[in-house]
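Below, each value reflects all heavy atoms present in this structure, side chains not excepted, and no hydrogens, waters or symmetry copies.
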Amino acid sequence: MEIQLNKTPESPEERKKLIGDIIKEEEELFAQSIGYIQRLMIEKLINCGYKLSDIEINKGYEVVVSEKEKFVTSVDILLVLEGKVAWAIKCTPASIDSWERFMLAFCRVVEPYQIPFAMVTDGKEGRVIDVLTGEVKETMDIPSKQEFLKVLPDIKFIPYSEERLPKERRILYAFDAIKCCPTCNI
């Protein structure tokens, strides 16, 4: 990828500064677009009957990978009903399909049980993931709060396999380490 500097730098230091300024600007635009998608999704949830008290935004979770490695990860929106996180939503202006694996790992690792449903969305298109079965549907549909509360007693909040948890933590750690920039395709 080529970065247009719009000016010929007079020194390597000036070149580095120009590139840094461009990257900072792109990161700010990227963050603003995530915030916009997040607002759209919160409005959608409220229109579906959820209350602001059902919604957690940007909640951080500390994940221990090994004795020496731990990190904090988060997702854009959590939907919490009757004390359980039932949905996790990732908002991204970039390729939504590349975030499906992140969401599976996130939902398997961060709570003592698997968060049963996940969504990855760019605000226009979405993918809903049934975390327990791995089934993915291309849809922006989220059940209304009233509909979801009817099926909530039948939903299993079960832990992920202890043997497989370390692999999921490493996958989540790898995604977190990328700290995707606006110019990447993730």
Side-chain angles (χ1 to χ4, degrees), residues 28-63 72-161 164-165 168-169 171-172 175-176 178-180 182 185-186:
E28 287 172 3
L29 289 172
F30 187 73
Q32 288 172 2
S33 60
I34 289 173
Y36 174 74
I37 297 165
Q38 201 175 35
R39 283 190 300 278
L40 286 177
M41 291 309 298
I42 291 168
E43 286 176 20
K44 180 177 181 67
L45 291 169
I46 289 170
N47 289 336
C48 288
Y50 297 97
K51 298 186 180 324
L52 284 177
S53 59
D54 300 326
I55 301 168
E56 288 190 42
I57 301 169
N58 302 325
K59 180 179 179 183
Y61 289 92
E62 183 177 79
V63 178
V72 176
T73 190
S74 66
V75 77
D76 302 295
I77 300 170
L78 295 174
L79 194 52
V80 183
L81 296 168
E82 296 183 4
K84 297 273 191 189
V85 179
W87 280 81
I89 301 173
K90 172 73 180 156
C91 303
T92 179
S95 174
I96 61 174
D97 50 337
S98 61
W99 286 100
E100 286 177 32
R101 188 62 183 94
F102 167 85
M103 288 304 289
L104 275 172
F106 181 90
C107 289
R108 290 171 174 165
V109 167
V110 298
E111 292 287 344
Y113 53 86
Q114 296 177 77
I115 299 170
F117 298 99
M119 174 185 264
V120 181
T121 182
D122 62 7
K124 295 180 202 134
E125 296 179 21
R127 301 246 170 99
V128 171
I129 305 164
D130 180 324
V131 175
L132 301 178
T133 66
E135 182 182 351
V136 179
K137 293 181 184 173
E138 289 199 34
T139 182
M140 287 290 290
D141 292 339
I142 294 176
S144 72
K145 182 176 180 177
Q146 186 178 1
E147 293 169 336
F148 197 71
L149 285 174
K150 286 179 186 174
V151 297
L152 189 60
D154 298 327
I155 295 173
K156 293 181 173 72
F157 290 89
I158 56 175
Y160 192 62
S161 161
R164 295 181 176 175
L165 263 177
E168 295 301 307
R169 288 184 187 115
I171 290 168
L172 193 57
F175 269 96
D176 200 72
I178 291 170
K179 293 287 188 205
C180 186
N185 251 354
I186 294 183

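For the side chain to side chain contact (heavy atoms under 4.5 Å, CB included) criterion with R127, the lone passing option out of T139, I96, D122 is I96.
More than 12 heavy atoms of other shown residues, nucleotides or ligands fall within 6.0 angstrom of atom NZ in K84.
No side-chain heavy atom of I37 sits less than 4.5 Å from a side-chain heavy atom of T92. Within the 4.5 Å cutoff, no side-chain heavy atoms of V120 are placed close to those of F102. Between I77 and I42, the closest side-chain pair of non-hydrogen atoms falls below 4.5 Å. Proximity of Y61 to L172: side-chain heavy atoms (C-beta onward) are nowhere separated by under 4.5 Å. In this structure, M41 and M119 have side chains that are in contact, with non-hydrogen atoms separated by less than 4.5 Å. Contact check for E168 versus R101: side-chain heavy atoms found under the 4.5 Å cut-off. Side chains of L79 and I89 form no contact here, defined as non-hydrogen atoms less than 4.5 Å apart.
Taking both residues in full, the closest heavy atoms of K156 and L132 are given as O-CD1, 3.4 Å, listed atom of the first, atom of the second, then distance. Taking each heavy atom of K145 and G49 in turn, the nearest pair found is CD-O, 3.4 Å. The shortest non-hydrogen separation linking K90 to M103 is CB-SD, 3.4 Å. The two residues P159 and Q114 have their closest heavy-atom pair at O-NE2, 3.6 Å. The two atoms that bring C48 and P143 nearest to each other are CB-O, 4.3 Å, heavy atoms only. Here the closest non-hydrogen pair linking A105 and I171 is CB-CG2, 4.0 Å.
Using bins of under 30°, 30° to 60° and over 60° for the plane-to-plane angle, the ring pair W87/F117 lands in the parallel bin.
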Inset, instruction - Kindly determine whether F106 and I115 satisfy side chain to side chain contact (heavy atoms under 4.5 Å, CB included), including the steps that lead there. - result: CA-CA 8 Å; F106 181 90; I115 299 170; 4.1 Å; yes
Inset, instruction - Apply the test side chain to side chain contact (heavy atoms under 4.5 Å, CB included) to residues V128 and V136: give CA-CA distance (whole Å), side-chain angles for both, the deciding distance (0.1 Å), then the verdict. - result: CA-CA 6 Å; V128 171; V136 179; over 6 Å; no
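Using modelled atom types, one side-chain atom of Q38 and one backbone atom of D76 make a donor-acceptor pair closer than 3.5 Å. For the pair K44 (side chain) and I142 (backbone), a donor-acceptor distance under 3.5 Å is absent. In terms of modelled atom types and a separation under 3.5 Å, the side chain of Y113 and the main chain of V85 share a donor-acceptor contact.
Summarising the geometry, atom CG belonging to L78 is positioned 8.5 Å from atom SG belonging to C107; distances are rounded to the nearest 0.5 Å. Between the OG atom of S98 and the CZ atom of F175 there is a distance of 6.5 Å, given to the nearest 0.5 Å. Atom CD1 of I55 sits about 9.5 Å away from atom CG of L81, to the nearest 0.5 Å. Atom CZ of R108 sits about 13.0 Å away from atom CZ of R169, to the nearest 0.5 Å. In this structure, CZ in R39 is found 10.5 Å from CD1 in I57, a value given to the nearest 0.5 Å.
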Let me check something: any side-chain donor-acceptor pairs from residues 147-155 under 3.5 Å, sequence neighbours excluded? List them with distances.
from, atom 1, to, atom 2, distance (Å)
E147, OE1, S144, N, 2.9
E147, OE1, S144, OG, 3.4

